[in-house]
Each structure stands twice: as C-alpha cells, then as structure tokens.
*Asks:* 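Handing you this structure, nothing more for now.
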Amino acid sequence: LKAEQISNMDKHKMNEFSNILKKRYIQTSKLYYDSLINKDKYQKYISKIHVPNLEEIKIELNVPKKSFLEVLSSKKKNKRIEKEKLSESLYNEKLKRYNEAVECEKKDYESKKSEFIENQRRHNEVIENNRLKYKEGDVNQIERYFEFVLEQSIFPNGIVKQFELQYVKTSKTIIISYYIPDSESVPNIIEHKYVSSRNEIDEVKLPEKKFEKFYNNIVYMFCLRTISEILLSDDSDNIDNIVYNGYIRYIDKSTGKDAESCIITIETTKKQFLNINLDNIDCKECIKGLKGIFAPSILSLTPVTPYMKIDRNDSRFIESKDVSNITLDGFNLATMPWEDFEYFVRELFDKMFNKNGGEVKVTQASHDGGVDAIAFDDDPIRGGKFVIQAK
C-alpha cells in the first residue's frame with residue numbers, strides 16, 4: 001500500500017512537469033498596477049487608557065457598605081460618608097486626568113492617521129504615474145511589468161525562478177536571460193515497487209535515453225511557455241521582437257568550479273510566435289521552426305552563442321532621431337547640420353541591416369572615440385559588429 005501511495009506521488013510529479021506548457025499564466029498591466037495600489041484602511045480609534053471607575057476606587061479605599069449598625073453608631077456612618085466623599089473626589093480627579101489623556105491620545109491618533117493617508121496618497125499617486133509611463137512606453141516600467149509577469153508564473157515544486165530581462169525601445173525588443181532547471185530538478189522516478197523477498201521498496205527510474213528525451217522536452221516547454229506568457233501579457237503592444245536565452249548552472253568537471261552556459265537561444269517576432277498553436281505542436285520542431293539554436297542533447301551542456309545578450313553597460317547608445325523628411329531628390333547634403341547627417345547615415349545603414357534582422361545603434365555625440373553608430377548582425381557567417389563613422 002505504501003509503495004502504491006508513493007507511486008501515485010511519482011506519477012503526479014511526472015504529470016506536473018509534462019504539462020508545464022499547458023499551464024500558462026497570462027497577466028495584464030491593470031492587474032500589476034492595481035496590485036501595487038495601497039488600499040489599506042487605517043485602524044479605528046480605540047483608546048488604550050483605562051477608564052476610571054468609582055466602584056474600583058471605593059474598593060481601593062476600603063469604603064464600608066451601608067449597615068444597620070450605623071443606626072446605633074453615628075461614628076460609623078460619618079466615617080463611611082467621609083470615605084465616600086474622598087472616593088468621589090479622587091474619582092473626579094482621575095476622570096479629569098483621563099479626559100485630558102484621551103484628548104492627547106485622539107490628537108496623536110488623528111496626526112498619525114493623517115500622515116498615513118498622506119503617505120498612502122503619495123504612494124498611489126506614484127503608482128498611477130508609473131501606470132501612465134508604462135502606457136507611454138517607459139523602458140523602466142515596461143521591464144518592471146514583465147518582471148511581474150514572470151514572477152507570477154507558477155511552476156512545479158523544485159523549480160527556482162531566476163531571470164533577468166532588458167527592453168530595447170528602439171527595436172521594441174525584449175531580451176530574457178532565464179536560468180532553466182538542471183537535470184537534478186526534474187523528476188526521473190516513474191514508480192516505487194515493493195519487493196517482498198527483501199521487504200523493501202525500490203525506485204524505478206526512467207532509462208537514461210528516455211530521461212534525456214524527457215529532460216530535453218522540459219527545457220523546450222520551459223522556453224516556449226515563458227515566451228508565450230510574455231507576449232500574451234503584452235497588453236500595450238510594446239513588443240515586436242523577443243529573444244530568449246536559456247542558461248544553466250553546473251559544476252565544470254575539468255576545474256571543479258561553478259560554471260554556467262547558454263544552452264538554448266531563440267529569436268522571434270511577436271507576430272510569428274502568436275501564430276503558433278502551442279496546444280498542438282512538437283516542442284522541439286517548433287523551436288527549430290523559430291530558428292532556435294540548441295545542442296542535440298541539452299544534458300551535454302554544449303554552449304551556444306545567444307542571438308542577443310543583455311547589455312546595460314554600454315552607455316554610448318542613445319535614442320535614434322527621425323530624419324525621414326529628408327530625401328536625396330534635389331537635396332544638398334552639404335547644407336545638412338552635422339548631427340542630422342549622422343542620423344541620416346545611421347538610417348541608411350539601418351535599412352540595409354534590418355533586411356536581414358540586424359540592428360544599428362547611434363552613439364553619444366561626445367566621448368565616443370569617433371564612432372557615430374554601431375551595427376550588429378547576428379548571422380553566424382555574414383554577421384558581426386560594424387563600426388560606422390560619418391564625415
């Protein structure tokens with residue numbers, strides 16, 4: 001019975017991983033920014049100060065109760081009356097101090113409540129401004145939103161989500177670097193069997209070749225699902241292109257040190273990808289159709305060169321400038337301002353490189369070492385990095 005119970009858990013784990021692609025989580029920017037809005041209500045006022053009580057004071061002062069003995073002894077009666085007056089005097093004094101303390105407490109409460117409401121208003125104002133920035137195409141807000149999209153994605157237990165992304169506004173491209181699960185994170189036990197001769201329960205693992213195929217498919221599904229979640233959550237049409245780089249961490253057996261490699265890379269357009277029916281595909285063939293690059297066996301950890309890497313360090317690049325109103329028909333280039341001429345040359349090269357999926361970036365006007373633009377062509381044979389200078 002115990003072996004059967006464990007085997008059911010084994011099947012459940014295998015099914016969870018086998019269905020990774022089916023469980024896609026789509027988000028919206030409204031949901032993201034709404035989740036950041038502070039909707040908390042400030043706590044109601046409840047006084048923490050003890051309310052004076054006349055009966056309690058009488059007990060403290062040991063005020064005697066009325067008694068028939070007072071008829072026989074006026075001394076007893078006078079003593080009781082005297083203590084009662086003292087109790088009332090002490091009660092009135094405590095009540096006065098109580099009212100003063102409550103007034104101070106209420107003022108402090110109102111002050112803190114006003115501060116809370118003002119901080120909440122400022123916080124929510126920032127969120128609403130960020131919501132507007134996102135709709136206007138702010139790079140920082142776009143990156144934060146898509147980080148939220150990936151953070152909300154739910155994977156089976158044992159999968160740790162680690163990723164970095166970058167949005168390139170000029171080409172409306174999002175680059176994702178994702179650490180995909182290693183083979184140790186993927187289940188390979190299909191059942192547990194009870195062996196009566198030894199009174200033990202044995203694990204039954206997938207054969208090596210079958211596990212290799214299973215693991216490869218997990219990696220393919222992992223990539224396709226992430227791309228799908230990003231593109232389907234792009235509710236403001238900020239993305240035209242997406243690059244996915246799947247990295248894996250491992251121990252380099254030649255050095256014994258920690259290492260990491262990009263083992264799968266995909267570059268595709270939003271239009272091309274959303275035209276795919278992910279519920280009716282062979283994952284490997286789909287990635288091949290998207291010109292994805294990966295080793296025949298992911299377990300071999302054979303590195304591949306990413307189509308495009310995340311690079312936040314090159315501060316030379318700036319936004320391009322529209323000079324489409326300039327034509328060569330009867331136009332004298334010598335009369336063009338030098339800055340416009342540099343952008344014009346950039347556009348010329350951009351048209352040439354974009355035909356083959358390349359990209360051209362403009363550099364800063366100063367401290368650029370004489371470089372006016374840099375072109376990137378990812379073609380493995382023809383491509384490379386080209387330095388352009390306009391004179």
*Asks:* Show the numbers, then the answer: is there a side chain to side chain contact (heavy atoms under 4.5 Å, CB included) between E56 and H50?
*Replies:* CA-CA 12 Å; E56 287 179 359; H50 180 67; 3.2 Å; yes

*Asks:* Taking only residues two or more places apart in sequence or in another chain, which ones pass side chain to side chain contact (heavy atoms under 4.5 Å, CB included) with E191?
*Replies:*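 Applying side chain to side chain contact (heavy atoms under 4.5 Å, CB included) to E191 gives S7, K193, V204.
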
*Asks:* So, does S153 use its side chain to make a donor-acceptor pair with the main chain of L150 at under 3.5 Å?
*Replies:* no

*Asks:* Can you get from L232 to I239 by hopping between Ile, Leu, Val, Met, Phe, Trp and Tyr side chains that sit under 4.5 Å apart?
*Replies:*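 The answer is yes; both residues are in one hydrophobic cluster.
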
*Asks:* Of all heavy-atom pairs between S300 and T302, which one has the smallest distance, and what is that distance?
*Replies:* OG-OG1, 2.8 Å

*Asks:* For residues 12-29, pull every pair meeting salt bridge (Lys or Arg N to Asp or Glu O under 4.0 Å), keeping only residues two or more places apart or in separate chains.
*Replies:*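 Sorted pair list: R24-D279.
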
*Asks:* Linking I/L/V/M/F/W/Y whenever their side-chain heavy atoms sit closer than 4.5 Å, directly or via other members, would L206 and I298 fall into one cluster?
*Replies:*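 Yes, one cluster joins them.
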
*Asks:* If Ile, Leu, Val, Met, Phe, Trp and Tyr residues are connected whenever their side-chain heavy atoms lie under 4.5 Å apart, and connections chain through other members, are V219 and F211 in the same group?
*Replies:* yes

*Asks:* Is there any salt bridge (Lys or Arg N to Asp or Glu O under 4.0 Å) pair reaching into residues 221-233, and which pairs are they, with sequence neighbours excluded?
*Replies:*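 Output for this query lists R225-E229.
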
*Asks:* Would you call E93 and R97 a salt bridge, using N to O less than 4.0 angstrom?
*Replies:* yes

*Asks:* Consider only side-chain heavy atoms of I, L, V, M, F, W and Y, link residues closer than 4.5 Å, and tell whether Y25 and L278 are in one cluster.
*Replies:*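 Looking at the clustering, L278 is in a separate group from Y25.
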
*Asks:* Return the CD1 to CD distance between I174 and Q166, rounded to the nearest 0.5 Å.
*Replies:*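 I174 atom CD1 to Q166 atom CD measures 9.5 Å (nearest 0.5 Å).
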
*Asks:* Are the side chains of Q27 and Y145 in contact, using a 4.5 Å heavy-atom criterion?
*Replies:* yes

*Asks:* So, the side chain of S89 versus the backbone of K85: is there a donor-acceptor pair under 3.5 Å, distance only?
*Replies:* no

*Asks:* Among residues two or more places apart or on two chains, list those pairs meeting ring-ring contact (aromatic ring centres under 6.0 Å, His included) that have a residue in residues 214-234.
*Replies:* F155-F222, Y178-F222, Y220-F294

*Asks:* Not counting sequence neighbours, list each pair that qualifies as a salt bridge (Lys or Arg N to Asp or Glu O under 4.0 Å) and has a residue in residues 115-124.
*Replies:*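 Qualifying pairs, neighbours excluded: E118-R121, E118-R122, R121-E125.
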
*Asks:* Can you tell me if CD on E285 sees more than 12 non-hydrogen neighbours from other groups inside 6.0 Å?
*Replies:*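 Above 12, so yes.
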
*Asks:* Take I281 and I276 through the side chain to side chain contact (heavy atoms under 4.5 Å, CB included) test and state the conclusion after the steps.
*Replies:* CA-CA 8 Å; I281 59 161; I276 297 170; 3.8 Å; yes

*Asks:* NZ/K284 to CG/L224 distance, rounded to the nearest 0.5 angstrom?
*Replies:* 13.5 Å

*Asks:* Check salt bridge (Lys or Arg N to Asp or Glu O under 4.0 Å) between D202 and all other residues, then give those that pass, not counting sequence neighbours.
*Replies:*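 By the salt bridge (Lys or Arg N to Asp or Glu O under 4.0 Å) rule, D202 matches R198.
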
*Asks:* Are K213 and N217 close enough that some pair of their side-chain heavy atoms sits under 4.5 Å apart?
*Replies:*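 No; the side chains remain at least 4.5 Å from each other.
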
*Asks:* Identify whether the distance between the nearest side-chain nitrogen and carboxylate oxygen of K270 and D237 falls below 4.0 Å.
*Replies:*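 Yes, K270 and D237 are salt-bridged.
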
*Asks:* Should Y244 and F163 be marked as a side chain to side chain contact (heavy atoms under 4.5 Å, CB included) after you check the CA-CA gap, both sets of side-chain angles, and the distance that decides it?
*Replies:* CA-CA 11 Å; Y244 180 99; F163 58 85; over 6 Å; no

*Asks:* Just how far is it from atom SG of C283 to atom CG of N216, taken to the nearest 0.5 Å?
*Replies:* 11.5 Å

*Asks:* What residues, two or more places apart in sequence or in another chain, satisfy side chain to side chain contact (heavy atoms under 4.5 Å, CB included) together with I37?
*Replies:* K39, N124, I127, E128, R131

*Asks:* Can a donor-acceptor pair be found, under 3.5 Å and without considering hydrogens, that links the side chain of D108 to the backbone of C104?
*Replies:* no

*Asks:* Is the shortest side-chain heavy-atom distance between F146 and E151 below 4.5 Å?
*Replies:*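 Not in contact.
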
*Asks:* Give a yes or no on whether I242 and Y179 share a hydrophobic cluster (residues Ile, Leu, Val, Met, Phe, Trp, Tyr; joining criterion: side-chain heavy atoms under 4.5 Å apart).
*Replies:* no

*Asks:* Can you list, by chain and residue number, the hydrophobic cluster partners of V195 when the side-chain cut-off is 4.5 Å?
*Replies:*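 None; V195 is a cluster of one.
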
*Asks:* Side-chain donor-acceptor pairs under 3.5 Å in residues 245-255, sequence neighbours left out?
*Replies:*
unit_1	atom_1	unit_2	atom_2	d
N245	OD1	T265	OG1	2.8
N245	ND2	M308	O	2.8
R249	NH1	Q162	OE1	2.8
Y250	OH	S261	OG	3.0
D252	OD1	S254	N	2.9
D252	OD1	S254	OG	2.6
D252	OD2	S254	OG	3.4
T255	OG1	K257	N	3.2

*Asks:* Going by side chain to side chain contact (heavy atoms under 4.5 Å, CB included), name the residues that satisfy it together with T305, two or more places apart in sequence or in a different chain.
*Replies:* none

*Asks:* Does N157 have any side chain to side chain donor-acceptor pair (under 3.5 Å) partners at least two apart in sequence or in another chain, and if so, which?
*Replies:* none

*Asks:* Yes or no on side chain to side chain contact (heavy atoms under 4.5 Å, CB included) for K309 and I175, after CA distance, side-chain angles and deciding distance?
*Replies:* CA-CA 7 Å; K309 288 183 178 180; I175 309 167; over 6 Å; no

*Asks:* Considering non-hydrogen atoms only, spot the tightest contact between Y91 and P52 and give its length.
*Replies:* CE1-O, 3.7 Å

*Asks:* My understanding is that only residues two or more places apart in sequence, or in another chain, count here; which of them pass side chain to side chain donor-acceptor pair (under 3.5 Å) with D182?
*Replies:*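 So D182 forms a side chain to side chain donor-acceptor pair (under 3.5 Å) with S185.
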
*Asks:* When you compare the side chains of Y45 and E105, does any donor N or O come within less than 3.5 Å of an acceptor on the partner?
*Replies:*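 There is such a pair between these side chains.
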
*Asks:* Between D138 (side chain) and Y134 (backbone), is there a donor-acceptor pair under 3.5 Å?
*Replies:*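 It does not hold such a pair.
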
